Amino acid sequence: MTASTTYRDIYAVVSRIPRGTVATYGQVAQLAGLPGRARQVGYALSELDDPAVPWHRVINAKGEISPRCGGEGDELQRLRLEDEEVRFDRHGRVPLERYRWRP
DNA sequence: AACATGACCATTA
DNA sequence: GTAATGGCCATGT
């Protein structure tokens with residue numbers, strides 16, 4: 001494990017995302033003080049094993065759920081978001097204009 | 001130390 | 001609407 005400060009910073013921001021809202025990787029990176037390092041955010045979440053972090057509230061800039069190893073990860077994420085009042089359109093993505101987290 | 005990989009984003013055509 | 005390009009950095013071998 002040995003979570004680096006960068007990762008802990010990312011986890012801290014993700015943990016602050018309110019229920020019923022979503023944030024993009026770029027947004028999380030920006031709020032975490034890592035502008036332009038959206039990639040690291042996704043990587044940090046992939047290595048994440050802390051159930052206290054609502055990683056399912058983080059999606060890509062297209063409002064879609066990013067693929068992930070394991071198979072059921074994307075599906076699980078969608079179910080969890082729907083369980084939090086977040087609806088998907090017919091394209092299978094979330095309207096960021098509507099559910100985007102605004103700190 | 002070097003190389004390759006990765007849950008990405010913004011811009012341009 | 002899609003396709004391609006550049007950039008950014010941590011992790012594992």
Side-chain angles (χ1 to χ4, degrees):
Chain A
M1 280 215 325
T2 58
S4 301
T5 46
T6 309
Y7 278 27
R8 276 195 298 183
D9 199 9
I10 292 169
Y11 301 151
V13 173
V14 176
S15 300
R16 279 174 212 148
I17 302 176
R19 176 182 168 282
T21 56
V22 296
T24 64
Y25 293 97
Q27 186 178 3
V28 172
Q30 170 101 32
L31 294 170
L34 309 167
R37 264 128 274 196
R39 236 175 179 183
Q40 249 42 34
V41 175
Y43 211 61
L45 295 179
S46 74
E47 295 293 303
L48 173 62
D49 58 351
D50 189 338
V53 180
W55 58 269
H56 54 270
R57 288 180 194 149
V58 183
I59 57 181
N60 61 24
K62 297 175 200 144
E64 261 193 10
I65 297 179
S66 302
R68 168 202 155 299
C69 54
E72 48 191 301
D74 55 333
E75 225 170 276
L76 175 65
Q77 180 166 15
R78 187 176 111 172
L79 290 175
R80 262 183 122 171
L81 287 175
E82 283 192 323
D83 198 41
E84 303 205 346
E85 304 174 34
V86 177
R87 301 297 185 180
F88 289 77
D89 61 9
R90 61 183 179 137
H91 289 283
R93 48 170 123 160
V94 177
L96 296 174
E97 306 296 306
R98 201 168 159 179
Y99 295 102
R100 191 111 116 91
W101 175 39
R102 303 183 184 176

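Keep in mind it's a predicted model, so treat the numbers as computed, not measured. Labels below follow one simple rule: chain letters A, B, ... track the order of the sequence lines, proteins then strands, and each chain is numbered from 1. Computed over heavy atoms, backbone and side chain alike; hydrogens, waters and symmetry mates excluded.
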### Message
Closer than 3.5 angstrom, by distance alone: can the side chain of A/Q77 be matched with the main-chain N or O of A/V58 as a donor-acceptor pair?
### Response
yes
### Query
Does a nitrogen or oxygen in the side chain of A/T24 sit under 4.0 Å from OP1 or OP2 of B/dC8?
no
### Summary
Ranking B/dA10, B/dA7, B/dC8 by distance to the side chain of A/N60, first place goes to B/dC8
### Message
Quick one, A/I10 and A/L48 - any side-chain contact, counting heavy atoms below 4.5 Å?
### Response
no
## Note on the structure
Sorted by number, residues from residues 86-103 of chain A placing a heavy atom under 4.0 Å from DNA chain C are none
### Message
Suppose the criterion is salt bridge (charged side-chain N to carboxylate O under 4.0 Å, His left out): which pairs have a residue in residues 54-65 of chain A, not counting sequence neighbours?
### Response
A/R57-A/E84
### Query
For A/W55 and A/R80, which heavy atoms make the closest approach, and how far apart are they?
NE1-NH1, 4.0 Å
### Query
For A/L81 and A/Y99, what are the C-alpha separation, side-chain angles and deciding distance, and is it a side chain to side chain contact (heavy atoms under 4.5 Å, CB included)?
CA-CA 11 Å; A/L81 287 175; A/Y99 295 102; over 6 Å; no
### Query
Atom CD1 of A/I10 to atom C1' of B/dC9: distance rounded to whole Å?
15 Å
Show the distances under 3.5 angstrom between N or O atoms of the protein and N or O atoms of nucleotides 6-10 of chain C.
{"residue": "C/dC8", "atom": "N3", "partner": "A/R39", "partner atom": "NH1", "Å": "3.3"}
{"residue": "C/dC8", "atom": "N4", "partner": "A/R39", "partner atom": "NH1", "Å": "3.2"}
{"residue": "C/dC9", "atom": "O2", "partner": "A/Q40", "partner atom": "OE1", "Å": "2.9"}
{"residue": "C/dC9", "atom": "O2", "partner": "A/Q40", "partner atom": "NE2", "Å": "2.7"}
{"residue": "C/dA10", "atom": "O4'", "partner": "A/Q40", "partner atom": "NE2", "Å": "2.7"}

### Query
Rounded to the nearest Å, what distance is computed from the OH atom of residue A/Y25 to the P atom of nucleotide B/dG6?
15 Å
### Task
Could you state the atom-to-atom distance from CD of A/E64 to C1' of C/dT2 in whole Å?
14 Å
### Task
If a pair satisfies salt bridge (charged side-chain N to carboxylate O under 4.0 Å, His left out) and one of its residues is in residues 25-40 of chain A, list it, with sequence neighbours excluded.
none
### Query
side-chain contact (heavy atoms from CB on, under 4.5 Å) with A/D89: which residues, sequence neighbours excluded?
A/H91, A/R93
### Task
Write down the distance between NZ (A/K62) and C1' (B/dA7), rounded to a whole number of angstrom.
12 Å
### Task
Nearest whole angstrom, please: distance from the C1' of B/dG6 to the CD of A/E47.
10 Å
N/O donor-acceptor pairs under 3.5 Å from side chains in residues 14-35 of chain A, not counting sequence neighbours:
{"residue": "A/S15", "atom": "OG", "partner": "A/Y11", "partner atom": "O", "Å": "2.7"}
{"residue": "A/R19", "atom": "NH1", "partner": "A/E85", "partner atom": "OE2", "Å": "3.0"}
{"residue": "A/R19", "atom": "NH2", "partner": "A/E85", "partner atom": "OE2", "Å": "3.2"}
{"residue": "A/T21", "atom": "OG1", "partner": "A/P18", "partner atom": "O", "Å": "2.6"}
{"residue": "A/T24", "atom": "OG1", "partner": "A/Q27", "partner atom": "N", "Å": "3.1"}
{"residue": "A/Q27", "atom": "OE1", "partner": "A/R100", "partner atom": "NH1", "Å": "2.7"}
{"residue": "A/Q27", "atom": "NE2", "partner": "A/W101", "partner atom": "O", "Å": "2.6"}

